[in-house]
Participant: 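Can you read through this structure? Questions will come right after.
Keep in mind that this is a model prediction, so the values were computed, not measured. If you read the sequence from its start, that first residue is 1, and numbering goes on from there.
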Amino acid sequence: MKLANVPFRLTRLYISVFLTQVSLSIAFLATPILALEMKASPFLIGLIGASTGGPYAIMTFFFGSASDRFSRKRLLTTATLVQAFAMILCFISQNPYQLILARFVFAIGAALYWPLAEAYTGDLAGAGQLNQALTGYNVSWSLATIVGPQIGGLLITWFLTRTPLLVALILFVFAGMLFLPKTAVKSARSHSTHHLNQNEERVLNNPKISPLIYAFLYAFTGALLNALFPAYATQLNISADLIGLMFLLSGLAQTITILLSSRLLSKLGTEKLLLLSALFLCISLTIISFTLAIPIFMVGFLILGFGQGMAYSTAILLVLKRSSSRRGKAAGMFEGILGVGFFAGPLVGGVLYQVGGSHPYLLGAFASLLMVTSQLFLMLKQSRVKQ
């Protein structure tokens, strides 16, 4: 199945995923800056970010399993409308604590949407086409991370800080409307599990290099930047449009990596690709921690995008390949782990932000370095066993 010739239902899903992620990127750029205007402390800004990740982590486990019993299309529509309502709450918020409530409501809609979107992608993929279908899905949301932050930054620069929230509201509504037309064809939920090669099985069965650990690392490091960096950069007198451009570069690198994920997997294998992703994350966050220059920030974000693309595309493929007919449960587990990272990153980062503006990114670099050293040790141990 070529990405240029996918079934209509998959195309419609990809468009919805793109619009939803654009909305999310726009809103998440605006929220920390809005909180800063409300005189929120660094810890409170981190808490606002964590108010999405915590509930998201819990609810995705439940919603993912529940989706295997109900119509995914109807639930996807409901999820986008809940997120749209959360944008209204963000727009009318007058203090940081109301933003926390709005982000909590948003977490409910997001926790319902993303596991369903992943499971629905697997449902609509033909036999043996899961990898290609997931590539289309990943490219859809990753492309949105390119344009979303830039749109948000420009809207803030040209208009008001709250303007992106209205744009996100409209896009969420459009994303939900895509699932309203009825189709007579039912999606299959019993595709046979794709056979995993020996290298992939070893990764899945080894808790030290489980794809879920890399999913957490992806979310943890990404959440540190999404929740805290816009406010941190604003304090450095960096304009919102330049902040958006940095996230644009990260999204561009991530999208390119996802497009090349199949080739990278065939050449490097899952173990080396996951190791390389952690190494890129460590390098990028180290660069961001020790610089105040805008061009160097952009280099750091570019490297970050490569690492995130490798980590996410490999982890989700390994998780969904073994899920068979219970894709909703597997997707819920995957998104739940992401939610834990989305919660822990801003919360711990917010505490460190109180100490120093660059400290949260040093923590992310250390966590990535820990992952690199752990996997290198394990790979060395495995090579000795073979000898």
Side-chain angles (χ1 to χ4, degrees), residues 23-59 82-111 148-149 151-153 155-157 159-169 172 219-241 243-244 246-247 338-361 363-364:
S23 305
L24 187 153
S25 298
I26 290 174
F28 278 21
L29 182 76
T31 304
I33 299 175
L34 180 60
L36 190 64
E37 291 182 356
M38 294 176 177
K39 310 300 182 183
S41 67
F43 174 74
L44 194 53
I45 293 174
L47 188 60
I48 291 170
S51 64
T52 298
Y56 183 88
I58 297 172
M59 289 183 288
V82 172
Q83 292 175 91
F85 177 67
M87 293 301 99
I88 297 175
L89 294 179
C90 283
F91 182 81
I92 64 176
S93 294
Q94 298 300 316
N95 59 66
Y97 299 100
Q98 291 177 354
L99 281 177
I100 291 176
L101 174 61
R103 289 286 291 262
F104 175 82
V105 174
F106 177 83
I108 298 174
I151 292 174
L155 288 172
I156 293 173
T157 302
F159 302 103
L160 301 172
T161 305
R162 296 177 188 267
T163 305
L165 301 172
L166 289 179
V167 175
L169 164 64
F172 273 128
F220 182 81
T221 54
L224 282 173
L225 288 164
N226 286 321
L228 302 174
F229 187 80
Y232 172 59
T234 300
Q235 290 179 321
L236 296 177
N237 295 320
I238 300 175
S239 63
D241 56 336
I243 297 172
M246 293 177 196
F247 282 98
L338 291 181
V340 174
F342 292 148
F343 172 74
L347 187 64
V348 179
V351 174
L352 293 176
Y353 191 11
Q354 292 276 165
V355 180
S358 64
H359 286 45
Y361 318 117
L363 173 65

Participant: Could you pull out all donor-acceptor pairs under 3.5 Å where a side-chain atom in residues 28-51 meets a protein atom, sequence neighbours excluded?
Facilitator:
| residue | atom | partner | partner atom | Å |
| --- | --- | --- | --- | --- |
| T31 | OG1 | A27 | O | 2.7 |
| E37 | OE1 | T161 | OG1 | 3.3 |
| E37 | OE2 | T161 | OG1 | 2.6 |
| S41 | OG | L44 | N | 3.2 |
| S51 | OG | I48 | O | 2.5 |

Participant: If you round to the nearest 0.5 Å, how far is OG of S25 from CG of N226?
Facilitator: 7.5 Å

Participant: Decide side-chain contact (heavy atoms from CB on, under 4.5 Å) for Y232 and I238; before the verdict, give the C-alpha distance in whole Å, the side-chain angles of both, and the deciding distance to 0.1 Å.
Facilitator: CA-CA 9 Å; Y232 172 59; I238 300 175; over 6 Å; no

Participant: Within the 4.5 Å heavy-atom criterion, are V82 and F172 side-chain neighbours or not?
Facilitator: no

Participant: Between A223 and F342, what is the shortest heavy-atom contact and its length?
Facilitator: CB-CA, 3.8 Å

Participant: Could you tell me the separation between the OG atom of S358 and the CG atom of L352, rounded to the nearest 0.5 Å?
Facilitator: 10.0 Å

Participant: Indicate the atoms forming the closest heavy-atom contact of P55 with F104, along with that distance.
Facilitator: CG-CD1, 3.2 Å

Participant: Could you give the distance from CD1 (I243) to CG (L225), rounded to the nearest 0.5 Å?
Facilitator: 12.0 Å

Participant: CG/L101 to OG/S93 distance, rounded to the nearest 0.5 angstrom?
Facilitator: 7.5 Å

Participant: Restricting to side-chain contact (heavy atoms from CB on, under 4.5 Å), what partner residues turn up for A110, sequence neighbours left out?
Facilitator: Y56, Q83, F106, W114

Participant: Just how far is it from atom CG of L236 to atom CZ of F229, taken to the nearest 0.5 Å?
Facilitator: 7.5 Å

Participant: Per the side-chain contact (heavy atoms from CB on, under 4.5 Å) rule, which among T52, L89, I88 passes with V105?
Facilitator: L89

Participant: To the nearest 0.5 Å, what is the distance between CE on M87 and CD1 on I26?
Facilitator: 10.0 Å

Participant: Minimum heavy-atom separation for A240 and T157, please, with both atom names.
Facilitator: CB-OG1, 3.8 Å

Participant: With heavy-atom distances below 4.5 Å as the criterion, would you say the side chains of I156 and P164 are in contact?
Facilitator: yes

Participant: Do you know the tightest heavy-atom contact between Y361 and L224?
Facilitator: CE2-O, 3.9 Å

Participant: Closest approach of A227 and P230, non-hydrogen atoms and distance?
Facilitator: C-CD, 4.5 Å

Participant: So which atom in Q235 and which in Y353 form the shortest heavy-atom distance, rounded to 0.1 Å?
Facilitator: OE1-OH, 2.6 Å

